[in-house]
Amino acid sequence: MSVDAATVKRVAHLARIKVDDGRCEVMAEELSKILGWVEMLGEVNTDGVEPLAAVIPNTLRWREDVVTDGGIQDKVLQNAPKAEYGFFAVPKVIE
């Protein structure tokens, strides 16, 4: 795939990146090379290869999914600068 300077300018505009006019041609060549390399990857035979999320086998350690009440409201509210009626009290922000 060939990228021209107009495409570079459009992509830069969409990405909100300032690109000088002198750099557009250089970036167009670089982007064309990158896209060519990506097209080459599409030619690789991947038949029989399982999709991977990581190159090493990972397993997550799961904890028991148990609902608890907590029961530590007093301890939590000790950390609050101000507490009222069992809740954190915060300054009014809307008048």
Side-chain angles (χ1 to χ4, degrees):
M1 178 177 190
S2 179
V3 177
D4 59 352
T7 304
V8 171
K9 288 179 184 179
R10 173 140 172 81
V11 170
H13 173 74
L14 292 172
R16 306 294 193 261
I17 299 172
K18 181 180 179 183
V19 178
D20 297 328
D21 290 338
R23 292 274 303 150
C24 284
E25 288 299 326
V26 175
M27 290 187 73
E29 290 177 25
E30 291 177 5
L31 288 173
S32 293
K33 289 179 185 178
I34 291 169
L35 292 175
W37 183 75
V38 171
E39 287 177 356
M40 285 175 41
L41 287 177
E43 298 173 6
V44 175
N45 182 8
T46 57
D47 293 340
V49 177
E50 293 292 323
L52 297 173
V55 294
I56 58 173
N58 290 332
T59 55
L60 297 175
R61 295 184 206 156
W62 294 93
R63 64 173 172 79
E64 289 292 322
D65 190 14
V66 179
V67 177
T68 61
D69 185 26
I72 58 170
Q73 180 182 16
D74 295 335
K75 290 181 182 178
V76 171
L77 290 177
Q78 286 176 353
N79 295 321
K82 186 176 178 184
E84 292 179 359
Y85 310 110
F87 299 99
F88 288 98
V90 296
K92 184 177 179 180
V93 293
I94 299 176
E95 294 186 33

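Side chains included, hydrogens not; waters and symmetry mates left out as well; all remaining heavy atoms used. This is a predicted model, so every value here is computed, not measured.
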Cut-off 3.5 Å, no hydrogens considered: what does the side-chain donor-acceptor table look like for residues 5-16, sequence neighbours left out?
unit_1 : atom_1 : unit_2 : atom_2 : d
T7     : OG1    : D4     : OD1    : 2.4
R16    : NH1    : H13    : O      : 3.1

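- Atom OG in S2 sits 12.5 Å away from atom NZ in K33 (nearest 0.5 Å).
- Hydrophobic clustering (ILVMFWY, side-chain heavy atoms < 4.5 Å, transitive): I17 and V3 are in one cluster.
- Contact of the N58 side chain with the L60 side chain is not registered, since no non-hydrogen atoms from C-beta on lie closer than 4.5 Å.
- Note that CD of E43 and CD of E39 are 8.0 Å apart. Values are rounded to the nearest 0.5 Å.
- Following chains of ILVMFWY side-chain contacts shorter than 4.5 Å, one cannot reach V26 starting from I34, and the two form parts of different hydrophobic clusters.
- When all heavy atoms of V19 and R23 are compared, the closest pair comes out as CG1-CB, 4.2 Å.
- Here salt bridge (charged side-chain N to carboxylate O under 4.0 Å, His left out) pairs that include residues 78-91, with residues two or more places apart or in two chains, are K82-E84.
- No donor-acceptor pair closer than 3.5 Å links the side chain of D20 to the backbone N or O of G22.
- Smallest separation of non-hydrogen atoms from V76 and F88: CG1-CZ, 3.9 Å.
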